[in-house]
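Contents: one structure, followed by commentary.
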Amino acid sequence: MTRFVERHPAWALIVIIAVAVALWLIFAVWPPGLEEAVGRKRVFLNALFNGITLGGLYFLVASGFTLIFGLMRNVNLAHGSLYLFGGYVGYAVSASTGSWILAFIVAFILTALVGVLLQVLVFRRMEGQDLRQTMVTIGLSIVFADLMLWACGGDFYQIQTPNWLIGPIELPLLTAVKSSGEPVYLRYPLVRLVIFLASVIIGVAMWLALNRTRIGMIIRAGVDDRDILAATGVRIQVVFVLVFALGAGLAGIAGVVGGTFQSLSPGEDIRFLLASLVVVIVGGMGSIPGAALGALIIGLAEQLGSVYIPTYAIVVTFLIMVLVLALRPQGLLARR
Amino acid sequence: MSVTHDARIQVRSPAATAQRPAARTWPDINNPAAWIVAAILLIMPLIANGFFLIEIFATTLILGTIALSLMFLAGYGGMVSLMQLTIAGFCAYMVAVFGVSGNANISLGWPWWLAVPMALALATIFGTLGGALAVRTEGIYTIMITLAIGAAFYYFTNQNWAIFNGHTGINNVSTPHFWGVDWRADIPFYYVVLAVAALCYFAVDYISRAPFGLALQGVRDNPRRMAALGFNVNAHRVAAYAVASFIAGLAGVLQVWNYRQISPGSVSVGACIDVLIIAVVGGITRPIGPYIGALVFVLLRTFALDFLVKIGLDGNRFRLLIGLGFLAIVFWSSDGVIGLWQRWRQGHRPQSDRPGGGRSHG
């Protein structure tokens, strides 16, 4: 942190000012002039929270994608299919048993199994041939998409939010002050906050596991130099299978989350594949903190964009990607 | 570094280089099969009825030309771009915007001979800018970025009503009508499409043997050495994108004339990926590959439903069939149908000679 400030004082200043402005926008009661210019504060806060929680969902998808790429250099363009598969499994489980938590567990296990099958049957045969992997996974995603369309049809599914999470809660954030002087607080869906918290916990746990444990050390060593790691006697194929299972399982969990927040339908697989592509391009391939930062940026850009400049929201996301590519082609938090 | 090296497409198969003579002045001039195909294509209107002529052959040639622009980038430049259909779609939109269409408040109403060059120029600029962005990255990143560009364009056309008319698109685009000929009538249109496709095919074939094309192939095989020899690697790549964008733009013009309308559905992400499938299935090493792939794809798309129903399966599983076929091709022959055919002609070669069998630079 201090090193960053010493190296890039101008950037640090910009970041500090941006954070200060953001904090003021969040906590202060907006003066009437500002409300007239950009709309009500409640709308802004809602978009902000939607963006952050959507970022949490994107992080769940993209972290699995980037983990698999970082360690194994496996380009899994069927990652979106894993997301949708997890969502459908979660829907089936929660609809039949009524248990939301069980949906997560079953979705995680089943998508992890699919991931293991993919690793063993497909990726192990074509190690180091990125382009063939890309083509094969594109083919697989077409096949998966059609199989899921066959099994589930073209309907929209939404996973039932459990009773204890239904309904908004009041956050200690002022949106406005009534003419009577009574403060109005922001009300926001509890389930989205809980899920965002869970994705933060998963992210932190992953970061800790990667940076503070022995298996994390092995994985990081594998990212840097696979061959030497294999030569030191680590059974690298086992590590590969485990990481692939974890990455795929995260996509499955994200599918359940996405099915609860939004809805599941054919086409969502491509949407989330693209989202995770953009997130990891912005954040930096193979970096978990990068995925978190990228997911936050893209989630915020999408939601704030769709509120304030609806026509150009998607272009904003794209422009961010272009800007990052122009300034730092390797992504914001990549190490190279 | 290793990623970028591994990701470069491996197209120089021993079989392909052995078969091809070192220097040729005119493509396939001694190949009787090529003459037969050319003759059949020329007399096609005598053989086929209107449905086959337009729905099968003209569509094949248009899709094949879009895939040809991808083949040019991937086969000679080592850059797999998924935005070629996006460029074609952009050009088609521009034809509709500048030309005459049913949406009077969007279209500017220029005559076709003004609107088409304008659309082609804009599409080339668009594709070149996208390419300039994509060449900052290599290998798999190129695929991702061009896919992201394609997706962004799709969503943008869906949301923008001022220029692209949202998800309804632009309908009733007028087609050229001069010298007393309605060029969109089946037979004239077929010949227009055939002429453009042949032009693009021979142009790509010519460029691949011209100094620019040879330098491009050198950049594909070893960018560092080419840079050391004094070639501007990135400039060659961007120029390749410009050429490919122009070809894709030509196909886009034909596409909008063919359907007389353009909508976001025709630039969707799935359609972008279809172009890759067409090029890979046909064979990405030679310009004829995309056309073969396009023929297979169009035939499957048109007749798979009837075929599947006939053998007692659900007709809607057409994409499953395409996906499985694509998987099979990618698994067993990275050189597509051409590669399979070449191998079949040369009898059973030893396993180690498999084209694309995983050469890697570590």
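All of these numbers come straight from a predicted model, not from anything done at the bench.
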Worksheet item: Quick one: ring pair (Phe, Tyr, Trp, His ring centres under 6.0 Å) partners of A:Tyr58, sequence neighbours excluded?
Response: A:Phe272
Residue part contacting chain A, namely of [X], when any heavy atom lies under 4.5 Å:
X: B:Phe326; value: side chain
X: B:Ile143; value: side chain
X: B:Leu327; value: side chain

Item to complete: State which residues pass salt bridge (charged side-chain N to carboxylate O under 4.0 Å, His left out) with A:Glu268; sequence neighbours excluded, sorted by chain then number.
Response: A:Arg271
Got a second to check how far [X]'s [atom1] is from [Y]'s [atom2], nearest 0.5 Å?
X: B:Tyr154; Y: A:Leu274; atom1: OH; atom2: CG; value: 11.0 Å
X: A:Thr134; Y: B:Met144; atom1: OG1; atom2: CE; value: 7.0 Å
X: B:Leu147; Y: A:Leu77; atom1: CG; atom2: CG; value: 7.5 Å

Worksheet item: Which bit of A:Val278 is near chain B, if near means a heavy-atom gap under 4.5 Å: side chain, backbone, both or neither?
Response: side chain
Item to complete: Could I get the full list of side chain to side chain contact (heavy atoms under 4.5 Å, CB included) partners for B:Val238, not counting sequence neighbours?
Response: B:Thr128, B:Ala132, B:Val135
Worksheet item: For chain B, which residues from residues 137-144 of chain A have at least one heavy atom closer than 4.5 Å to it?
Response: A:Ile138, A:Gly139, A:Leu140, A:Ile142, A:Val143
Practice prompt. Please tell me if the side chains of B:Ile277 and A:Met135 come closer than 4.5 Å, counting only heavy atoms from C-beta onward.
Written response: no
Item to complete: State, with a plain yes or no, whether a side-chain heavy atom of B:Leu320 is found less than 4.5 Å away from one of A:Trp150.
Response: yes
